Trainee: 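To start, I am sharing the structure in question, which I have written as structure tokens.
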Amino acid sequence: MARIVQKFGGSSVANAERIFRVAKIITDAYAKGNEMCVVLSAQGDTTDDLIAKAEEINPNASKREMDMLLACGEQMSIALMAMAIEKLGYPVVSLCGWQVGMNTSSTHSFARIKKVACERVKEELDKKRIVLVAGFQGVDKYGDVTTLGRGGSDTTAVAMAIALQADLCQIFTDVDGVYTCDPRVVPEAKKLPEITYNEMLELASLGAQVLNNRSVELAKSYGVQLEVLSSFSGNPGTIVKEVVKNVEKTYIAGVAQDKKIARIALAAMPDVPGVAYKVFSLLAKEKINVDMILQSYGHDECKDIVFTVADKDAARCEEVLNANRDSLKFDHIDINTDVAKVSVVGAGMQGNPGVAAKMFEALYAAHINIHMISTSEIKLSVLIDKEDSERAMRAVHAQFFQ
Ligand code: ADP
Ligand code: ASP
Ligand code: MG
């Protein structure tokens, strides 16, 4: 007997037929004598539909009320799945975040898990019930409903696996595992049998939404092995863990794109000490995360500072900078949301100096212009025009993997 945590994403439970398919996966594992705790996401596009509904009523709704609304999607899924499992004749109970003691911070829409007090889940498992847990949602110290950020059900699953000391944490989705690139954009992408936490963390943070980056962070901290697999195919998936075999001796694990970013340029700022400090401390106060940063070579006692932020933060960023124009003394500000970031990730990059040249060669051959470049030990990213993003992914992927 094993204690298993499974998580099923939105597309896996999108309609009645898929709910019964998943119910069968869950009950088959239960029938083998395993204890089953199952985390579910909202069905299909439910979360996006709820956001659209909110926008019809009040585009500036408070984050607290948005959380109240968005948490409904996951509650629907667990109730419907419980009904399907009841119909198959198995004992089951569905529980919301507050019922499983998913205690979080009060940062609505992006809450952090503080503690999972999972006594109720353990009691239900002891009663031999299949326990269904609403993903994505938690409760703060005031008893208010919170959510963990988009894609947060993955994090719920890992947190449950840690709290329950589960033997296995399986993330079921709509592709066979983690690929060298999004298989919907690059059909030639190869499924990876294994990937390290560090590489997965980079890929997830750089736009590969197959796993939420916080879930990988959490899994790495507690050494929880994750298996990413399909709820449709029954094929073996990808194992995310500390050390992998790397039989093929590849030094790049994958290619990712992020289209949800904006480039902000502050033109003609004074070329004196303290300018970067002023700009980025203002943004830090607003909790705006800055990613790539470029400062131009000074000329005529002036310099430009260019950086990227998440596109959702671009308007606020512009507001804050403009409000401080007198002290920052820039000539003008330029915001471009028609950009994308394409990255290659691989732990083996460190020992292979040719990676950057190889990536740039592929982009050059595809006539794609690079606006910005950033590197770290295991990743290399370029900022390009958004319309070139898919083409860049295919070109870069072909360069490294064919
Ligand atoms: P779920 O609803 O199950 O959480 P997501 O849509 O969040 O599923 O994540 C699965 C999707 O991630 C896939 O359909 C695929 O298009 C996309 N994806 C992006 N990059 C990758 C990658 N490197 N490997 C696998 N899938 C990827
Ligand atoms: N339903 C939420 C979302 O769409 C959480 C999740 O699917 O993981 O982001
Ligand atoms: Mg997801």
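Not measured: the values here are computed from a predicted model. As the structure lists them, so they are numbered: ligands from 1, and atoms in each ligand from 1.
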Trainee: Between the side chains of D313 and K260, is the shortest nitrogen-to-carboxylate-oxygen separation below 4.0 Å, so that they form an ion pair?
Mentor: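 D313 and K260: not salt-bridged.
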Trainee: I need the nearest protein heavy-atom contact for atom 6 (O) of ligand 1: residue, atom name and distance, please.
Mentor: Q209 NE2, 3.6 Å
Trainee: What part of P183 sits under 4.0 Å from ligand 1 if we count only heavy atoms: the side chain, the backbone, both or neither?
Mentor: side chain
Trainee: Output, in order, the C-alpha distance, side-chain angles, deciding distance and verdict of side chain to side chain donor-acceptor pair (under 3.5 Å) for D385 and H371.
Mentor: CA-CA 8 Å; D385 288 341; H371 301 306; 2.7 Å; yes
Trainee: Answer with side chain, backbone, both or neither: which part of T173 has a heavy atom less than 4.0 angstrom from an atom of ligand 1?
Mentor: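 Looking at T173 and ligand 1, atoms from backbone and side chain both fall under 4.0 Å.
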Trainee: Under a 4.0 Å threshold between the charged nitrogen and the carboxylate oxygen, would K341 count as salt-bridged to D291?
Mentor: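 The answer is yes: the pair qualifies as a salt bridge.
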Trainee: Is R18 close enough and on-axis enough to F232, meaning under 6.0 Å and within 45°, for cation-pi?
Mentor: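 Geometry flag: not set, cation outside 6.0 Å or 45°.
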Trainee: Is there a nitrogen or oxygen of Y179 sitting under 3.5 Å from a nitrogen or oxygen of ligand 1?
Mentor: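 Such a contact does occur with ligand 1.
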Trainee: Only heavy atoms of R150, strictly under 4.0 Å: list the atoms of ligand 2 that pass.
Mentor: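 The atoms of ligand 2 under 4.0 Å from a heavy atom of R150 are 3 (C), 4 (O), 9 (O).
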Trainee: Only one of L95, V100, L125 clears side chain to side chain contact (heavy atoms under 4.5 Å, CB included) with R120; which?
Mentor: L95
Trainee: Pairs of nitrogen or oxygen atoms closer than 3.5 Å, one from D154 and one from ligand 2: do any exist?
Mentor: no
Trainee: Suppose we measure from atom 15 (C) of ligand 1 to each protein heavy atom; which comes out shortest, and what is that distance?
Mentor: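 Minimum-distance protein heavy atom for atom 15 (C) of ligand 1 reads D182 OD1, 3.3 Å.
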Trainee: Does the N or O separation between D174 and ligand 1 drop below 3.5 Å for any pair?
Mentor: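 For ligand 1, there is an N or O atom that lies under 3.5 Å from one belonging to D174.
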Trainee: Using a 4.0 Å cutoff against the non-hydrogen atoms of G177, which atoms of ligand 1 qualify?
Mentor: 24 (N), 25 (C)
Trainee: Give yes if a backbone or side-chain nitrogen or oxygen of S12 is under 3.5 Å from a nitrogen or oxygen of ligand 1, and no if not.
Mentor: no
Trainee: Would you call D271 and K303 a salt bridge, using N to O less than 4.0 angstrom?
Mentor: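 Salt bridge: yes.
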Trainee: Could you tell me, atom by atom, which parts of ligand 1 come under 4.0 Å of a heavy atom of K7?
Mentor: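 Heavy-atom distances to K7 below 4.0 Å select 4 (O).
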Trainee: Does some non-hydrogen atom of S41 fall short of 4.0 Å from ligand 1?
Mentor: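 Flag not set, S41 not near ligand 1.
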Trainee: Would you call the rings of Y251 and F400 parallel, tilted or perpendicular, where under 30° means parallel and over 60° means perpendicular?
Mentor: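 Taking F400 first and then Y251, their aromatic rings stand perpendicular (interplane angle over 60°).
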Trainee: Hey, is ligand 1 close enough to G10 that some N/O pair sits below 3.5 Å?
Mentor: yes
Trainee: Which atoms of ligand 1 have any heavy atom of V178 under 4.0 Å away?
Mentor: 24 (N)
